[in-house]
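Small disclaimer: the values here were computed from a predicted structure and weren't measured. Convention: sequence-line order gives letters A, B, ...; per-chain numbering from 1.
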Amino acid sequence: MKRQTNIGMFVAVRATIRKIPRGKVATYGDVAYAAGFPGAARQVVWALHGSGGLLPWQRVVGAGGKILLPGVQGAEQRLLLQSEGVVFIGLRVDMKQHRYTWPMLRKKFRGIK
DNA sequence: ACGTTGACGGATT
DNA sequence: TAATCCGCCAACG
């Protein structure tokens, strides 16, 4: 897949996040990979900031299903997800059940650490 | 123009 | 298992 640079990255990332179905979650790394930027997890954060509010930001969590958003926002994210039916195990999402894997990424699938 | 930051992740030690 | 290091790259001061 051709590596696009600049702003196109945000467009790709946002489009990717928008595909996460209700009741499912994806990690920053997975989103970056699916968008065509393997390893660029940090840029996903910027993409979320840029379009914040218009997309299901709450469905993006850290590796292992951990909520990384600090403070009240983290609590809010948890509530939003729970209201969508997402189950938590302690402080993390039950990825076994709610992790969303893009069809095209099947080959790259790897279990949770 | 340059250095730092960021809701990170994975590899290495 | 935990602590540390490094890459990712746009935005910001």
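Regarding A/R92, its CZ atom lies at a distance of 11 Å from the P atom of B/dG9, rounded to whole Å. Between the OH atom of A/Y28 and the C1' atom of C/dC8 there is a distance of 16 Å, rounded to whole Å. We find that CH2 of A/W46 is positioned 7 Å from C1' of C/dC12, with the value rounded to whole Å. In this entry the distance linking CG of A/L48 with C1' of B/dC8 reads 12 Å, nearest Å. Distance CD1 (A/I17) to P (B/dA7): 14 Å, rounded to an integer number of Å. Counting to the nearest Å, the C1' atom of B/dG6 and the CE atom of A/M9 are 14 Å from each other. When rounded to the nearest whole Å, the span between CG of A/L55 and C1' of B/dA7 equals 13 Å. Atom C1' of nucleotide B/dC8 and atom CG of A/L69 are separated by 13 Å, given to the nearest angstrom.
The base of C/dG7 sits within donor-acceptor range of the side chain of A/R42, with an N or O pair under 3.5 Å.
Closest approach of A/V61 and A/Q58 over heavy atoms only: CG1-O, 4.3 Å. Between A/T27 and A/G64, the shortest heavy-atom distance links the atoms CG2-N, 4.5 Å.
The side-chain tip of A/R42 does not point at the ring of A/Y28 from less than 6.0 angstrom away and within 45° of straight on.
The phosphate of B/dG6 (OP1 or OP2) has no side-chain N or O of A/H49 nearer than 4.0 angstrom.
Using modelled atom types, one side-chain atom of A/R59 and one backbone atom of A/I20 make a donor-acceptor pair closer than 3.5 Å.
Taking the side chain of A/V45 as heavy atoms from C-beta on, and the options B/dG6, B/dG9, C/dA10, the nearest nucleotide is B/dG6. Each of C/dA10, B/dA7, B/dG10 was ranked by its minimum atom distance to the side chain of A/F10; first place goes to C/dA10.
Taking atom P on both nucleotides, B/dA7 is separated from C/dC6 by 22 Å, rounded to a whole Å.
Following chains of ILVMFWY side-chain contacts shorter than 4.5 Å, one cannot reach A/L91 starting from A/V93, and the two form parts of different hydrophobic clusters.
Here A/V60 lies in heavy-atom contact (under 4.0 Å) with a base.
The nearest heavy atom of DNA chain B to A/Q43 and to A/G29 marks one nucleotide each, and the one closer to the 5' end goes with A/Q43.
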